[in-house]
Every structure is written in C-alpha cells, then in structure tokens.
Amino acid sequence: MPPPTSDRPWDRSAPEREGPPSAWALLPEDLAARGCPGRPEHVFLRLQRTRTWREEGLFLSREIRAWLAAHADLALPEILERHPSADGSTKLVLGLADGHRVEAVHMPRSEGDPRVTYCVSSQVGCALGCTFCATGAMGIVRNLTAGEIVGEVLVLMRQLGPQLGENVNLVFMGMGEPLHNLAHVHRAITVLCHPEGSGLSPWRITVSTAGLVSGIEKLARMTPRPQLAVSLNATTDEARSATMPVNRAWNLARLRQALDAWELKRHERLLFEYVLLAGVNDSLEDADRLAAWLGDLRHRHNVNLIPMNEHPRAGFREPAEARVQAFAARLHQLGCFVTVRRSRGRDVQGACGQLVRPAAAPVFGKVRGSAGRGPADPAAAAAAAGRPG
Ligand code: SAH
Ligand code: SF4
C-alpha cells in the first residue's frame with residue numbers, strides 16, 4: 001500500500017531558512033520598491049559584479065552601505081575547505097550563516113581556457129532518497145534561499161574565478177533536487193542572468209532533476225529558462241522505483257510526457273544522466289530499452305553515462321570498463337549521442353552522488369567575516385559601515 005500523502009517526500013516542501021531578505025537576491029526593482037537610496041541598477045551592479053568588490057567592502061556610498069546593512073541580510077557563504085583533485089577540479093565546502101554546509105565543485109575546462117563549470121548545491125541534503133546517492137542518504141535539512149544560491153556562485157567566482165559571468169557554466173548537480181526548491185533556484189537564475197548583474201547566460205545553466213514532473217512542467221513555462229537534465233538511471237518502472245522513489249509518483253511514461261511538452265529551442269538539447277550500477281541497470285537489454293524510451297527524442301539529446309561513484313553509504317558497484325564501453329557502444333549503434341563521464345573530483349569525494357556533509361553545529365546570528373583571510377567580504381564591511389561611529 002502506498003504511504004499516506006504526508007510521508008511522500010516528493011509531496012512535501014523542504015524546510016525554509018527564516019530571516020530578512022538576502023541582499024544578493026534582490027533585483028533592481030526590489031531595491032527600488034524597498035526604498036534603497038541611489039540608482040537601483042547601480043546598487044545591483046555593485047552587489048552582483050564581483051570584480052567591483054573592494055577589499056574594504058562594496059564600492060558604494062556610505063549611505064547605501066548603511067541602508068543595505070539595516071534592511072537586508074548581507075551574509076555570504078564562506079569557503080571553508082578546498083580539496084583539489086588530481087584531475088584539475090576542486091571540491092569546495094561552503095559554510096552557510098546558520099552553520100550548515102554545502103558543497104560545490106570547480107571544474108576548469110582545460111589549461112588556457114578561461115571557461116569554468118561550477119557544480120552547485122540547491123539544498124542542504126535531499127528529500128528524494130535515491131538509493132545510490134550519498135546526498136539522498138542524508139535526508140533533507142533545508143532549502144537554500146535564492147540569496148544563498150546567488151552568494152554561493154558569487155563567492156566562487158570571486159575567489160576562484162573567472163569573474164566574467166560569460167565564462168561561467170553552472171550545473172545544478174550538487175547537493176539537492178533543484179526542482180524541489182524551484183522558487184529559490186529560479187529566482188537565483190533570474191538574478192544571475194540579469195544583464196546588469198554578473199551576466200550568466202541561461203544557455204549555460206543546467207538544472208538537473210531526478211524527474212520531479214510537477215517541477216519540470218512549471219520550469220518549462222518560466223523565463224529565463226535554463227537547460228534541463230534528467231537523471232534517468234533505469235529503464236523499467238520496477239527498477240527505477242526501486243532505486244529512485246520519485247518514480248512511484250511519476251513513472252517513466254509520465255516523465256516522457258512531460259519531456260515531450262518541453263519545447264526545445266533551436267540548438268537546445270535535453271541531457272539525460274544515467275548512473276551505471278554494476279549488475280543492476282548496465283545490461284545490453286537496458287541499453288535497448290533506454291534507446292527505445294528516448295524514441296524520437298534521440299535526435300535532440302545527449303546521454304551522459306556516469307559509472308557509479310562508490311561511497312560507503314550505498315552498496316552499488318561501478319561496472320567493469322568493458323561493460324561500460326559495451327553499453328555506450330550499443331546506445332551509439334542505436335542512434336544515441338553518448339558520452340561516458342568519468343566524474344571529476346572522485347579522489348576527493350567531489351563527484352556526482354558523493355557530496356555529503358554532516359551538518360555543523362548551528363551558529364545562528366553569526367556572520368563569518370573574512371578578516372585576514374583573502375579577498376573582501378563585502379557583507380562584513382557593509383555591516384560595519386552601518387554601525388554607528
Ligand atoms: N537531484 C538532482 C541533481 C543532483 S544529483 C538529480 O538527481 O538529477 C546529480 C547527478 O548525480 C544525478 O544525475 C544523479 O543521478 C547522479 N548521482 C547520484 N549518485 C551518484 C553516484 N553514487 N554515482 C554517480 N552518479 C550519481
Ligand atoms: Fe536527491 Fe539527486 Fe541524490 Fe536523488 S540523485 S537523492 S534526487 S540529489
């Protein structure tokens with residue numbers, strides 16, 4: 001018997017962080033509506049373009065800094081740990097103002113190429129409980145706010161570069177199910193893509209979902225609309241429901257229906273991720289079923305095969321290399337566009353599905369400054385500007 005509605009994680013919204021609005025998620029019109037002094041586009045630009053930040057804080061008048069400190073939350077996530085991997089990527093652990101931690105991965109393209117892909121988190125933990133995923137094993141702690149998501153990206157850009165948004169690719173493939181936190185995730189994307197701000201492009205932002213159909217259908221109609229990636233990971237409802245409980249709410253047929261309604265613009269592709277679990281979903285019959293399920297989507301898609309990243313919270317194993325290659329070759333023969341993704345950052349547990357942090361003790365009300373530790377923390381500086389004297 002299915003569990004009562006309230007026990008279904010896909011029906012519940014995650015806990016939200018409370019508090020004043022984050023300055024990092026306010027659009028120019030919000031700043032104006034709230035009575036921020038100065039020209040709202042200018043204030044927004046100084047907040048969002050990290051290359052305008054100064055060691056001593058935001059490059060804004062004392063009056064505006066004082067207003068921001070009094071009317072908005074200027075806390076930024078803080079990079080607490082950096083774990084460089086042999087493959088050139090770096091796993092970052094970020095501390096949030098209430099003491100929780102999330103992770104992100106910095107993935108430069110190649111030497112000399114200024115472009116960088118950031119894999120970012122949208123929630124602390126995840127409610128969806130996929131059985132192969134380390135984040136899923138944590139359960140859900142809370143949603144990240146739009147301000148925390150924007151802050152996560154800005155702090156990474158500021159400290160690891162590049163500072164030009166046009167060179168940044170963003171993938172929501174870190175901790176959490178972004179469509180379970182759609183309002184904040186979409187707000188963050190809107191802010192990051194605003195032409196007066198850091199100038200990211202929705203073409204270069206990918207939101208990855210485990211198949212939350214209600215979210216896919218909402219996102220399909222939203223502007224700006226990022227690129228969509230779907231974690232498929234199984235080819236029968238029985239197998240998919242066993243590893244991805246969300247399939248019990250929206251099965252493969254229903255998921256396919258939502259994807260058919262996602263109108264692809266020119267040059268857009270749907271991305272499918274398929275985690276290969278040895279002996280579970282890696283047979284040639286699975287490859288055949290996968291290609292059949294894709295059907296006419298085959299012309300407008302890419303399939304990323306991700307051999308299971310093993311971790312202590314799941315018993316699944318990575319298939320042997322020959323099996324991975326045979327699976328890829330079969331899909332290729334059947335007309336699919338396939339890439340085998342050796343997840344980056346494996347040696348530092350920064351790869352897909354390995355992102356998990358125990359929640360640290362909360363430090364409510366404490367905004368960590370960065371005095372003496374590298375680049376400016378405009379939050380602390382602006383707060384200081386607001387203090388009398
Ligand atoms: N919640 C979203 C995005 C975060 S998970 C989603 O599920 O799509 C990002 C990707 O990591 C997903 O494609 C997921 O299937 C994959 N993943 C999860 N655990 C994994 C593991 N142990 N090994 C390899 N990939 C994994
Ligand atoms: Fe959540 Fe994605 Fe992990 Fe599933 S794979 S538990 S949806 S983060």
Would you say that [X] contacts [Y] through its side chain, given a criterion of any heavy-atom pair below 4.5 Å between the two side chains?
X: Phe172; Y: Ile189; answer: yes
X: Leu219; Y: Thr209; answer: no
X: Leu68; Y: Leu47; answer: yes
X: Asp286; Y: Tyr274; answer: yes
X: Leu182; Y: Ser214; answer: no
X: Met175; Y: Leu144; answer: no
X: Leu156; Y: His106; answer: no
X: Trp10; Y: Arg248; answer: yes

Rounded to the nearest 0.5 Å, how far apart are [atom1] of [X] and [atom2] of [Y]?
X: Asp282; Y: Phe316; atom1: CG; atom2: CZ; answer: 11.5 Å
X: Asn169; Y: Met107; atom1: CG; atom2: CE; answer: 9.0 Å
X: Gln227; Y: Glu268; atom1: CD; atom2: CD; answer: 4.0 Å
X: His42; Y: Ser61; atom1: NE2; atom2: OG; answer: 7.5 Å
X: Leu305; Y: Gln325; atom1: CG; atom2: CD; answer: 9.0 Å
X: His301; Y: Arg269; atom1: NE2; atom2: CZ; answer: 9.5 Å

Between Glu177 and Ser122, a side-chain donor and acceptor under 3.5 Å: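 No - no donor-acceptor pair under 3.5 Å links their side chains.
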
Backbone N/O of [Y] and side chain of [X]: donor-acceptor pair under 3.5 Å:
X: Glu310; Y: Glu318; value: yes
X: His180; Y: Pro9; value: yes
X: Tyr118; Y: Glu152; value: no
X: Ser121; Y: Glu103; value: yes
X: Arg115; Y: Arg109; value: no
X: Glu196; Y: Leu45; value: no
X: His100; Y: Leu96; value: no
X: Asn304; Y: Leu271; value: no
X: Arg34; Y: His71; value: no
X: Arg82; Y: Thr90; value: no

For residues [X] and [Y]: do they belong to one hydrophobic cluster (side chain heavy atoms under 4.5 Å, members Ile, Leu, Val, Met, Phe, Trp, Tyr)?
X: Phe59; Y: Met157; result: no
X: Trp203; Y: Val185; result: no
X: Ile140; Y: Val246; result: no
X: Phe337; Y: Leu228; result: no
X: Met222; Y: Ile205; result: yes

Chi angles and distances behind the side-chain hydrogen bond (donor to acceptor under 3.5 Å, both in side chains) call for Ser231, Asn233: CA-CA 6 Å; Ser231 302; Asn233 303 343; 4.8 Å; no

For the pair [X] and [Y], find out whether any cationic side-chain nitrogen is under 4.0 Å from an anionic carboxylate oxygen.
X: Arg65; Y: Glu56; answer: no
X: Asp237; Y: Arg240; answer: no
X: Glu148; Y: Arg142; answer: yes

Side chain to side chain contact (heavy atoms under 4.5 Å, CB included) assessment of Gln159 paired with Leu92: CA-CA 11 Å; Gln159 300 206 15; Leu92 292 314; over 6 Å; no

Geometric cation-pi criterion Arg225 and Trp262, 6.0 Å radius, 45° cone: yes

Geometric class of the Trp24/Trp53 ring pair [parallel <30°, tilted 30-60°, perpendicular >60°]: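 Rings of Trp53 and Trp24: tilted, as their planes differ by 30° to 60°.
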
Whether over 12 other heavy atoms sit under 6.0 Å from Glu238 CD: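 12 or below, so no.
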
Side chain to side chain contact (heavy atoms under 4.5 Å, CB included) evaluation trace for Val191 with Phe44: CA-CA 9 Å; Val191 170; Phe44 179 75; 4.0 Å; yes

Closest non-hydrogen atom pair, Leu294 against Cys336: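 Closest pair (atom of Leu294, atom of Cys336, distance): CD1-SG, 4.0 Å.
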
Nearest atoms (heavy-atom pairs only) where Ala258 meets Glu217: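 Answer, listing the atom of Ala258 first, then Glu217: CB-OE2, 3.9 Å.
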
Verdict with reasoning, Arg51 to Leu164, per side chain to side chain contact (heavy atoms under 4.5 Å, CB included): CA-CA 8 Å; Arg51 56 194 183 280; Leu164 264 187; 3.8 Å; yes

Residue among Leu252, Asp288, Thr236 satisfying side chain to side chain contact (heavy atoms under 4.5 Å, CB included) with Trp293: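 Among Leu252, Asp288, Thr236, the one that satisfies the side chain to side chain contact (heavy atoms under 4.5 Å, CB included) with Trp293 is Leu252.
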
Side chain to side chain contact (heavy atoms under 4.5 Å, CB included) evaluation trace for Arg204 with Val168: CA-CA 7 Å; Arg204 300 211 184 83; Val168 173; over 6 Å; no

